[in-house]
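Inspection log for the structure reproduced underneath, given as structure tokens.
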Amino acid sequence: MSEVKELTCICCPIGCSITVEMDGKEVKSVSGNNCPRGDAYARKELTAPSRIVTSTVKVTGGDRPVVSVKTASDVPKEKIMDVIREISKVELQAPVHIGDVVVSHVAGTDADIVATAENEKV
Amino acid sequence: MSDRKCDLVIIGGGPAGLAAASAAREAGVKDICILERDKKLGGILNQCIHNGFGLHTFKEELTGPEYAARFIKKVKEQDIPYMLDTMVVDLSADPASGEKLVMAMNKEEGIFTLRAGAVILAMGCRERSRGALNIPGYRPAGIYSAGTAQHYVNIEGRMPGKEVVILGSGDIGLIMARRMTLEGAKVKVVAELMPYSGGLKRNIVQCLNDFDIPLKLSHTVVDIKGKERVEGVTIAEVGPDRKPIPGTEEFYSCDTLLLSCGLLPENELSRQLGVDLSPVTGGPVVDESLETNIPGVFACGNVLHVHDLVDYVSGEAAVAGENAATYLKERAGKAEAAKKEADIRIVTKNGVRYSVPSTIHMEQMADKLTVRFRVGDVYKDKVLCVYLGEDQVSRTAKRVMAPGEMEQVILLKSKLLEIAGGSIDEKHNTLTITIEEK
Ligand SMILES: Cc1cc2nc3c(=O)[nH]c(=O)nc-3n(C[C@H](O)[C@H](O)[C@H](O)COP(=O)(O)OP(=O)(O)OC[C@H]3O[C@@H](n4cnc5c(N)ncnc54)[C@H](O)[C@@H]3O)c2cc1C
Ligand code: SF4
């Protein structure tokens, strides 16, 4: 049985409206995407949705009380809250630099948490 | 004290100011100074810790601070001077020399003036104020603009509240709905006055749908409960006249109300200088070089018109930087500093609300000119048409166009000249951007 699904690509702010033709659990065709990322996104979203998670981590002795962080790669959507819980326990010592690994293999996923801003020691 | 001189002064050290500075330096301007009132470069991006920046520029997805860091690094490598904690308070022009007088202040030097050959306006925008909230009665604590809340959470590391209602579906509101949820707050509803969202579709998907936060279109806040602190708000549906429909009221208990009612270009300084502002965008009226009506004063980024894509800001700002360099080389201090009348006036119709730029001088036009604009409503399966005089320049089929997303057309100089028969005559001095049926 074939079924048509409409979704919005979230890979960039253009947000293309993508139409996916499904045959049961299989993707038959993808259209409406402006670039190949949209195709890949649509296939993944309908089978194993995942997200980049961004948040902040506490810092002591720095120019700001927190530093922003992200997962270096996608994590499964259902793991988002687990990732956040683990991040919220971390406390860093300034200085922190962009790209510093803050947690490796967060919440049992393949992704590391990395810093996305500078936090200078004061 | 005699004023200091500087060839090019850039007001604002956000992505627009940074990209403009780099491009101007690459185009040969040696003497540049960026003035930034904050204690760090990077502008609003410093608090936009979510990802989704730079896909077009760097072919990878960065967070706001990471995107800003790339441009900050470049400015530092190019050794471009900048002053932090320095606020520009007045802008005027010296009628005799045509120089611009940039008055600024900081802790070390107090008030001082820079005499600039050219100025690039890159002050960004601010959030629409609480005036948007047209409700009588108390103003208890717990009401914040979404951007202020974003600053609290992402920069200062503290939460404004635990139970949240958001009025307005602008991007900052949507982003904050997710952010507050991740930090443990309960976001009960996002109410939007208009029948469509003001934010990007991707943000509705990944900030609201992912967390089952309801979005109520055509709804507004009609009452706020609480004297000292917000205790709850009443939301009602609105009719086509945007007035609340009696009987549709629903009460939500909450301790925080976030307002995300859109952004306005920050143009107090431009106004002082006598820059013509567009009533539609709130930003300066500019020509193909992004030059305002005041010769040697250019504008780019959110101060010009509100952008949702920082990549476009950087691209636009580079154009302003290059053109400021050309101005300094060819026109500054000369009688011909004032530009000739524009050859082409851009007119927008049928739902296209404005365009940037709004005039074109053929002599200065680059081979490819990007014209950006927004539409006033949601349009599905329409055709975007461009005409020079009566002659068609382009027709582009569009699946969806929405007010929340900036659109663009690219004009080729060669094509315009070809259509006009070699030079722009009276029959070809207006360029119309319009929406038509299929
Ligand atoms: C909440 C939010 C989310 C966004 N999300 C995305 C996204 O996901 N993807 C994307 O691509 N884009 C996004 N954008 C858009 C993008 O961030 C902006 O378009 C971009 O930052 C605009 O750059 P700018 O330099 O024009 O303005 P700003 O970044 O606002 O910089 C202006 C600078 O000028 C300074 N200034 C102002 N007045 C003065 C003065 N008088 N004297 C000295 N300095 C002054 C300010 O302090 C500021 O640093 C988002 C924007 C916001 C607000
Ligand atoms: S398909 Fe490509 S262009 Fe369209 S939203 Fe996705 S990433 Fe952006």
Side-chain angles (χ1 to χ4, degrees), chain A residues 6-19 31-35 37-38 41 45 49-60 62-74 77-78 80-81 83-85 87-88 91 96-99 114-120 122, chain B residues 39-40 42 45-56 59-70 72-73 152-158 171 175 178-179 181-184 199-207 209-211 307-312 380 399-400 402 404-407:
Chain A
E6 298 278 341
L7 52 149
T8 301
C9 179
I10 61 168
C11 299
C12 89
I14 291 178
C16 295
S17 309
I18 303 186
T19 308
S31 58
N33 49 308
N34 259 346
C35 80
R37 286 173 66 104
Y41 167 77
E45 186 67 8
S50 64
R51 298 285 185 266
I52 296 278
V53 179
T54 61
S55 187
T56 51
V57 169
K58 286 186 214 81
V59 178
T60 47
D63 59 3
R64 280 174 180 167
V66 289
V67 70
S68 53
V69 298
K70 69 174 182 184
T71 54
S73 53
D74 287 16
K77 202 171 135 184
E78 72 274 5
I80 294 177
M81 283 328 267
V83 169
I84 288 290
R85 263 189 293 275
I87 294 176
S88 69
E91 209 168 315
V96 183
H97 300 294
I98 290 190
V114 295
T116 57
E118 300 285 319
N119 196 309
E120 314 291 349
V122 288
Chain B
K39 61 174 182 235
K40 283 191 179 188
L45 291 181
N46 287 326
Q47 68 182 61
C48 298
I49 66 160
H50 57 282
N51 65 318
F53 299 83
L55 192 66
H56 296 262
K59 305 290 168 229
E60 60 179 307
E61 208 171 343
L62 303 172
T63 63
E66 290 173 307
Y67 185 93
R70 302 222 171 166
I72 294 170
K73 185 162 167 253
Y152 279 170
V153 180
N154 293 345
I155 304 281
E156 296 171 38
R158 61 193 170 100
D171 286 313
I175 298 271
R178 172 177 64 184
R179 186 74 189 108
T181 305
L182 291 179
E183 288 295 319
L200 296 170
K201 280 177 290 189
R202 74 187 302 245
N203 285 336
I204 299 199
V205 173
Q206 58 178 357
C207 297
N209 301 358
D210 272 7
F211 300 94
H307 294 64
D308 18 61
L309 259 178
V310 73
D311 303 71
Y312 293 166
K380 287 200 173 135
R399 294 222 320 186
V400 191
E405 319 207 355
M406 192 182 280
E407 296 285 338

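Chain identifiers are assigned alphabetically (A, B, ...) following the order of the sequence lines, protein sequences preceding nucleic acid strands; residue numbering begins at 1 within each chain. Any value given below was found using the heavy atoms of this structure, including those in side chains, with hydrogens, waters and symmetry copies removed.
Residues A/S88 and B/E183 are not in side-chain contact: their nearest non-hydrogen atoms beyond the backbone lie 4.5 Å or more apart.
One distance of note links CD1 of B/I72 with CD of A/E118; it measures 9.0 Å at 0.5 Å rounding. Note that CG of B/N51 is 8.5 Å distant from CD1 of A/I10, once rounded to the nearest 0.5 Å. With rounding to the nearest 0.5 angstrom, the CZ atom of B/R178 is 10.5 Å from the OG atom of A/S55. Taken from CG in B/N209 to OG1 in A/T8, the straight-line distance is 8.5 Å, to the nearest 0.5 Å. Here A/T54 contributes atom OG1 and B/I49 contributes atom CD1; the two are 4.5 Å apart, rounded to the nearest 0.5 Å.
Listed by chain and residue number, nothing satisfies the salt bridge (Lys or Arg N to Asp or Glu O under 4.0 Å) test with A/E91 (two or more places apart in sequence, or in another chain). Judged as a ring-ring contact (aromatic ring centres under 6.0 Å, His included), and not counting sequence neighbours, A/Y41 has no contacts.
Neither the backbone nor the side chain of A/C35 comes within less than 4.5 Å of any heavy atom of chain B. For A/I80, the part sitting under 4.5 Å from any heavy atom of chain B is the side chain, from C-beta outward, and nothing else. Residue contact with chain B, scored on non-hydrogen atoms closer than 4.5 Å, is absent for A/R85.
The number of heavy-atom neighbours closer than 6.0 Å to NZ of A/K77, taken from other residues, nucleotides and ligands shown, is above 12.
Each of A/I84, A/I87, A/V59 has some count of heavy-atom pairs under 4.5 Å with chain B, and the biggest count is that of A/I84. Per-residue counts of heavy-atom pairs under 4.5 Å with chain A were compared for B/D171, B/L182, B/V400, B/N203; the largest is that of B/L182.
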- A/T56/B/R179 under side-chain hydrogen bond (donor to acceptor under 3.5 Å, both in side chains): CA gap, chis, key distance, verdict: CA-CA 10 Å; A/T56 51; B/R179 186 74 189 108; 2.9 Å; yes

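Of the possible polar contacts, one joining the B/K201 side chain to the A/G15 backbone as a donor-acceptor pair under 3.5 Å is found. Judged purely by atom type and a 3.5 angstrom limit, B/R399 uses its side chain to pair as donor or acceptor with the backbone of A/S17.
A salt bridge is absent between A/K70 and B/E61: the closest approach of a Lys/Arg side-chain nitrogen to an acidic carboxylate oxygen does not fall below 4.0 angstrom. Salt bridge status for B/K40 with A/D63: present, with a side-chain N to carboxylate O gap under 4.0 Å.
Of all heavy-atom pairs between B/P65 and A/A117, the closest is CB-CB, 3.9 Å.
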